[in-house]
Amino acid sequence: MKKTVLSLAVLALGCGAAVAQSAITPEVLAKMQQADVQSAADKAVRNAMASTPLNTLATTVESMNPVDEDFTYRVPTKGITNQKQSGRCWLFTGMNMLRSKAMTKFGLPSLEMSEVYLFFYDQLEKSNLFLQSVIDTRQKPIDDRLVDWLFSNPVSDGGTFTGVADLVKKYGVVPREAMPETQSANATSQFNAQLKNVLREMGLRLRQMGEKGTSVKALEEKKVEMLGKVYHMLTLAYGVPPTEFTWRQRDKDGKVVSTDKYTPLSFYNKLWGYDLNNDYVLVMNDPSREYYKVYQIEYDRHTYDGHDWVYLNLPNEEVKPMLIASLKDSTAMYISCDVNKFLNRQKGVMDLKNFDYESLLGVTMTMDKKERIITHASASSHAMTLIAVDIDKSTSKPTKWMVENSWGKENGFKGNYIMTDEWFNEYMFRFVLNKKYVHESVAKLLKQKPIKLPAWDPMFAPEE
């Protein structure tokens, strides 16, 4: 992108020349220097930028207005979770979405599931997905794009809602006290780097065995042996997942009302019991793709026997009424967005008016949402739980939204984040809806045969 902008600048400076310049020669550089007339305002900005963060200088007067915390519909929630220095927003968001319903249904004073429990199995399943995919692609050359992508992305701590759905169905859930967080779970980068390298070596050895004519059965037996070593590594980093535990259920006053034993699956069935795969649909707002079509991203799943991410692409005006219907019914939703764009972290507000980089830097930024996507300037990066909407009575249209985040209660607006509807239009991407809030016309569209997209599609980027 920088090269393109620079080339345009060179052409503009040398428009009178007979031959366009392809490199920065002394003559081209001289023209740039001559065209760069420094004003008193430029000097003031340069002095300020030498010692002050860019965001601070670009902060607008409008962003200093008090936070409006009134909402037309708001889902009851209690407690803010903290993923700390990990990329597990997708998992925290999935659990936050679930616990909201359970706390209301059972009158619980508080509830937090063990994110590290499901993360343990997420990493084990992703390891199997990688190694089995290496076996499946063993006849392709090592520089084949898919093979190269696999070795570039053997495992990560990011993910999507489909991972939550498949993992919960297979392994259930446990309360946090049954499997507490660890340092490696709170800060995943160091252990994750080692696990990636171990998996890459394992994958390479499987390919080498395949090149020698080893049968698929023998390769898969070797893979299981390798996964045993991965399992052991995971126990060292994250602990040993419980197969049975006792849960002390409390009422709204904190009094213990039961101390029953559960397995992870029986615990999930008691508190929820519904099928996240069949009861929910994934919707996307991606103007770089044709609307009203269903898309499937290959390898965008957490388990080998699970589901790729399949979504229906819709314009925002089709999505918002369904979101409002869900919130009106006190049902929180899993959503994801490009969270860091125009985010005032201290106030917890996402607003296009928060920062004015154009005036500060003397540039004009005119790309729309579609153009930002295709140039990699914007993409879905972070999952949160949608819990509120404010609607203008005069127009019946939303003016702002609120999400429950997983960055701790000290961050944002009491741990939550508020976005204007204008910001929503530009930087919101993914939505997970219970089918009962989906319009009949939308439900019919979901029956289409999905258009397959490759694993390296820009929309693959996991939520972190």
Side-chain angles (χ1 to χ4, degrees), residues 81-96 112-134 150-160 162-206 222-245 263-265 267-268 299 301-306 382-383 406-408 461-464:
T81 56
N82 194 341
Q83 68 187 78
K84 298 190 176 178
Q85 287 75 49
S86 74
R88 298 175 294 158
C89 70
W90 58 278
L91 187 49
F92 277 75
T93 297
M95 295 299 98
N96 288 342
E112 184 171 356
M113 271 72 73
S114 170
E115 287 84 9
V116 72
Y117 168 78
L118 279 181
F119 187 61
F120 179 100
Y121 286 114
D122 170 71
Q123 297 295 279
L124 183 64
E125 287 283 358
K126 284 178 179 173
S127 297
N128 178 65
L129 174 61
F130 166 69
L131 294 175
Q132 186 62 46
S133 298
V134 167
L150 287 169
F151 277 89
S152 296
N153 303 273
V155 70
S156 75
D157 58 357
T160 63
T162 52
V164 176
D166 284 332
L167 290 166
V168 164
K169 183 178 181 180
K170 196 168 186 177
Y171 297 104
V173 297
V174 305
R176 173 164 283 213
E177 56 267 28
M179 189 171 176
E181 291 280 292
T182 68
Q183 171 60 30
S184 292
N186 289 332
T188 52
S189 61
Q190 292 187 27
F191 178 77
N192 188 256
Q194 298 308 312
L195 179 58
K196 282 182 178 180
N197 286 335
V198 168
L199 287 170
R200 285 175 176 130
E201 181 172 345
M202 289 177 172
L204 183 61
R205 298 297 174 246
L206 287 173
K222 184 63 176 179
K223 181 202 71 173
V224 172
E225 178 187 327
M226 291 173 169
L227 285 173
K229 296 178 181 178
V230 172
Y231 185 97
H232 180 66
M233 288 177 63
L234 295 173
T235 63
L236 299 178
Y238 305 130
V240 179
T243 56
E244 189 179 69
F245 59 90
T263 66
L265 283 171
F267 185 68
Y268 178 79
Y299 286 100
R301 62 186 188 272
H302 293 233
T303 68
Y304 188 82
D305 53 348
H382 183 62
S406 54
W407 289 349
E463 290 137 8
E464 299 179 346

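None of the values given here were measured: they were computed from a predicted structure. For this chain, numbers begin at 1 and follow the sequence in order.
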Which atom pair, heavy atoms only, marks the closest approach of Gly87 to Thr188? N-OG1, 4.0 Å
Report the distance from atom OG of Ser127 to atom NZ of Lys196, rounding to the nearest 0.5 Å. 11.5 Å
Quick check: do Lys223 and Gln132 have side-chain heavy atoms less than 4.5 Å from each other? yes
With heavy-atom distances below 4.5 Å as the criterion, would you say the side chains of Leu124 and Met233 are in contact? no
I want to check something: taking the side chain as every heavy atom from C-beta on, are Val230 and Met202 in contact at a cut-off of under 4.5 Å? yes
Can you name the salt bridge (Lys or Arg N to Asp or Glu O under 4.0 Å) partners of Glu201, sequence neighbours left out? Arg205
Once the angle between the rings of Phe120 and Tyr231 is folded into 0 to 90°, is it parallel (under 30°), tilted (30 to 60°) or perpendicular (over 60°)? perpendicular
Should Glu112 and Met95 count as side-chain neighbours, where that means a heavy-atom distance under 4.5 Å? no
Please check if the side chain of Gln123 supplies one atom and the backbone of Ser156 the other of a donor-acceptor pair under 3.5 Å. yes
Do Arg88 side-chain atoms and Ala185 backbone N/O form a donor-acceptor pair below 3.5 Å? yes
Counting only N and O atoms by type, is there a donor-acceptor contact under 3.5 Å from the side chain of Thr93 to the main-chain atoms of Ala383? yes
Minimum-distance pair of heavy atoms, taken over all atoms of Ser406 and His382: OG-CE1, 4.5 Å
Ignoring hydrogens and angles, state whether a donor on the side chain of Thr81 or Asn96 is under 3.5 Å from an acceptor on the partner side chain. yes
For side chain to side chain contact (heavy atoms under 4.5 Å, CB included), just list the numbers for Asp122 and Leu91, CA-CA rounded to whole Å, side-chain angles, deciding distance to a tenth of an Å, and then say yes or no. CA-CA 10 Å; Asp122 170 71; Leu91 187 49; 5.8 Å; no
Is any side-chain heavy atom of Asn153 less than 4.5 Å from a side-chain heavy atom of Phe130? no
So how far is it from Lys126 NZ to Thr303 OG1, rounded to the nearest 0.5 Å? 11.0 Å
Just wondering, do Leu234 and Tyr121 contact through their side chains at under 4.5 Å, heavy atoms? no
Return yes when atom CD of Gln190 has more than 12 non-hydrogen atoms of other residues, nucleotides or ligands closer than 6.0 Å, and no otherwise. no
Over all heavy atoms of both residues, which pair between Gly239 and Pro241 is shortest? Give the atoms and the distance, please. O-CD, 3.6 Å
In short, Pro242 meets Val174 closest at the heavy-atom pair CG-CG1, 4.2 Å
Hey, are Thr160 and Thr162 close enough side-chain-wise for a donor-acceptor pair under 3.5 Å? yes
Drop me the distance from Gln83's CD to Cys89's SG, to the nearest 0.5 angstrom. 5.5 Å
Taking the side chain from Tyr117 and the backbone from Tyr171, do they hold a donor-acceptor pair closer than 3.5 Å? yes
Could you state the interatomic distance from CZ (Phe151) to OG (Ser133), rounded to the nearest 0.5 Å? 10.5 Å
Given side chains that start at C-beta, do those of Met226 and Leu206 come closer than 4.5 Å, heavy atoms only? yes
Check Leu265 against Val168 and note the closest heavy-atom contact, atom names and distance. CD2-O, 3.9 Å
Got a second to check how far Phe245's CZ is from Met179's CE, nearest 0.5 Å? 12.5 Å
Holding to side-chain hydrogen bond (donor to acceptor under 3.5 Å, both in side chains), I want the full list of residues that pass it with Glu464, two or more places apart in sequence or in another chain. none
With a 4.5 Å limit on heavy-atom distance, are the side chains of Phe191 and Thr182 in contact? no
Asp305/Lys170 ion pair, N-O < 4.0 Å: yes
How far does OG of Ser86 sit from CG of Asp157, to the nearest 0.5 angstrom? 6.0 Å
Could you pull out all residues at least two apart from Phe119 that satisfy ring pair (Phe, Tyr, Trp, His ring centres under 6.0 Å)? Tyr238
Do you know which two heavy atoms are closest between Val134 and Gly203, and how far apart they sit? CG1-O, 3.3 Å
Using only heavy-atom distances, determine whether the side chains of Asp166 and His302 contain a donor-acceptor pair under 3.5 Å. no
